[in-house]
Protein chains: 2
Amino acid sequence: MITLTFAEENYLKAIYHLSDGGKKGVSTNDVSAEMKTKPASVSDMLRKLGEKDVIEYRKYYGLHITEEGKKLALQTIRKHRLWEVFLVEKLKFSWDEVDEVADDLSHVKSQVLIQRLDEYLGFPKFDPHGDPIPDEYGDVRTRPRLPINDLDLGSIGQIVAVKDSSPAFLRYLDKVGAYIGARIKVMDKTEFDGSVEILVDNKKSIFMSKDVAGNILVMV
Amino acid sequence: MITLTFAEENYLKAIYHLSDGGKKGVSTNDVSAEMKTKPASVSDMLRKLGEKDVIEYRKYYGLHITEEGKKLALQTIRKHRLWEVFLVEKLKFSWDEVDEVADDLSHVKSQVLIQRLDEYLGFPKFDPHGDPIPDEYGDVRTRPRLPINDLDLGSIGQIVAVKDSSPAFLRYLDKVGAYIGARIKVMDKTEFDGSVEILVDNKKSIFMSKDVAGNILVMV
DNA sequence: TTTTATTTTTAGACAAATCTAAATCACTAA
DNA sequence: TTAGTGATTTAGATTTGTCTAAAAATAAAA
């Protein structure tokens, strides 16, 4: 069985994200930027990860994550996201505070701990950022995209796409501060005209008409 | 401000325990046995801890923990015990499973995390083993000793002494499986004759008369 | 195609924490 | 009081993860 050190685990997680779940190749400099370590250190680490067969590494040409690597990365991501849920739901941390702490917590080695934590949290399927939590076997549940006006009051989600991508519409979104990737929460819904109020990135409130809300797709 | 590495923190915690909270001096071999590392490694670590003024170290003569060292050790102990409470109360771990995991968890650096955890757990004053949890300033609450029949139903505690220490009484205790240091829980109380049923070390059930129960002192 | 710029790797160093083997110190027992 | 035993320290090696500086490979531009 492959075992990774803390540092190796962190690198692999970063690589998984950078490669968009294994779709793209990744360069040394990419990893260096993500991990905030020097390229020289990255080269060394890539050699080690290559020897452990969690990545396929060709000198000077970057790397691809392997199937085994994906599995391990997803385990780490699972731990990280479960701890994020714990920190936000139970300890009342806010989104922006959790990452570093969850990172530390997810290094704790016990398998049993993660199983019990998962159970304690009620087997959550998504973390506070809306990202899916892989199950024990690394499977992730992808979630449906909904237009904002189909959301319930209080729902949170992330803007993933727009139906109407006309320049005018995009300019409007830009103006009000909404963008692909923005985290939103439905603060108010007015039944009679279908307009909604959403909170963007936990700070900015936006009112939008039924038409606009129907054209913004959210991942819940 | 003094900062310690993980390993230094662990050594200091062990030293604190070995020195019985700073009362006794401690030898290199003591630490070696406790930490399961070689004496040579301990010497090196003691030198470092001495340089950081958390212990007073004289080569070949062992060490004494300093006031500063005590404070830091108590911080680590606080974290450890809070995590133990979390593991047992929330994640349903049993006593004997928690130590290693709590050790890992208590290495997580965030101050805020510990404060929030403390709050979430309802500011517990004692860990699942009955050991006191130091507060933020390192103060520990020592607890009163009570005879078993003064305990409420469901109370947990640790046997710390006996009033009647006659050979006959001690032989009786031995026979039923109670001993100084045993962890007990009050399972049942019969009002009319004052007899009680207690669970020892989470496994063995004992019935005892009012007289016997009145002679066993428990730290709650 | 040759030169230049960028990216990546190698080489060598360092800090932390451990080990083994050898040396040194302190106490004890003749 | 001196030799021996056991505890302790030193010396030197190893692993892991990082760094800087320099070399090498690739990519881009003239």
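A, B, ... follow the sequence lines: proteins, then strands. Residue 1 opens every chain.
In this structure, the side chains of Val88(A) and Glu84(A) stay at 4.5 Å or more apart for every pair of heavy atoms.
Side-chain nitrogen and oxygen atoms of Lys59(A) include none within less than 4.0 Å of the OP1 or OP2 phosphate oxygen of dT7(C). One finds no side-chain N or O of Ser41(B) lying less than 4.0 angstrom from the OP1 or OP2 phosphate oxygen of dA17(C).
Protein atom CG of Leu12(B) is 17 Å distant from nucleotide atom C1' of dA17(C), rounded to whole Å. As a whole-Å value, the separation of Leu46(B) CG from dA7(D) C1' is 13 Å. Rounded to whole angstrom, the span from the OH atom of Tyr61(B) across to the C1' atom of dG6(D) amounts to 15 Å. The interatomic distance linking Tyr57(A) (OH) with dT8(C) (P) rounds to 9 Å, in whole Å. For the pair His107(A) NE2 and dT16(D) P, the interatomic distance rounds to 16 Å; values are reported in whole Å. In this entry the distance linking CG of Asp44(B) with C1' of dA7(D) reads 17 Å, nearest Å. Summarising the geometry, the separation between CZ on Arg58(A) and P on dT7(C) is reported as 19 Å, rounded to the nearest angstrom. Following rounding to the nearest Å, Leu49(A) (CG) and dT16(D) (C1') show an atom-to-atom distance of 13 Å.
Among the heavy atoms of the strands lying under 4.0 Å from Ala7(A) are primed sugar atoms or P, OP1, OP2 only; no base atom is included.
Residues of residues 22-39 of chain A that place a heavy atom closer than 4.0 Å to DNA chain C, in numerical order, are Ser27(A), Thr28(A), Asn29(A), Pro39(A).
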Please step through side-chain hydrogen bond (donor to acceptor under 3.5 Å, both in side chains) for the pair Asp99(A) and His80(A), ending with a clear verdict. CA-CA 8 Å; Asp99(A) 204 73; His80(A) 186 97; 3.2 Å; yes
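Salt bridge Lys79(B)/Glu9(B): present, at least one basic N to carboxylate O contact under 4.0 Å. Note on Glu67(A) versus Lys71(A): no salt bridge recorded, every NZ/NE/NH1/NH2 to OD/OE distance being 4.0 Å or above. The existence of a salt bridge linking Lys48(B) and Glu8(B) is excluded, since no basic side-chain nitrogen approaches an acidic carboxylate oxygen closer than 4.0 Å.
Distance from the side chain of Lys48(B) is smallest to dA16(C) among dA16(C), dT9(D), dG17(D). Among the nucleotides dT18(D), dT10(C), dA11(D), the one closest to any side-chain atom of Ser43(A) is dT10(C). Closest to the Met45(B) side chain, of the nucleotides dA17(C), dT18(D), dT20(D), is dA17(C).
For the residue pair Asp30(A) and Ser27(A), a side-chain donor N or O sits within less than 3.5 Å of a side-chain acceptor on the partner.
Aromatic pair Phe86(B)/Phe86(A): ring centres closer than 6.0 Å.
Sequence order on DNA chain D of the closest nucleotides to Tyr60(A) and Glu8(A) puts Glu8(A) first from the 5' end.
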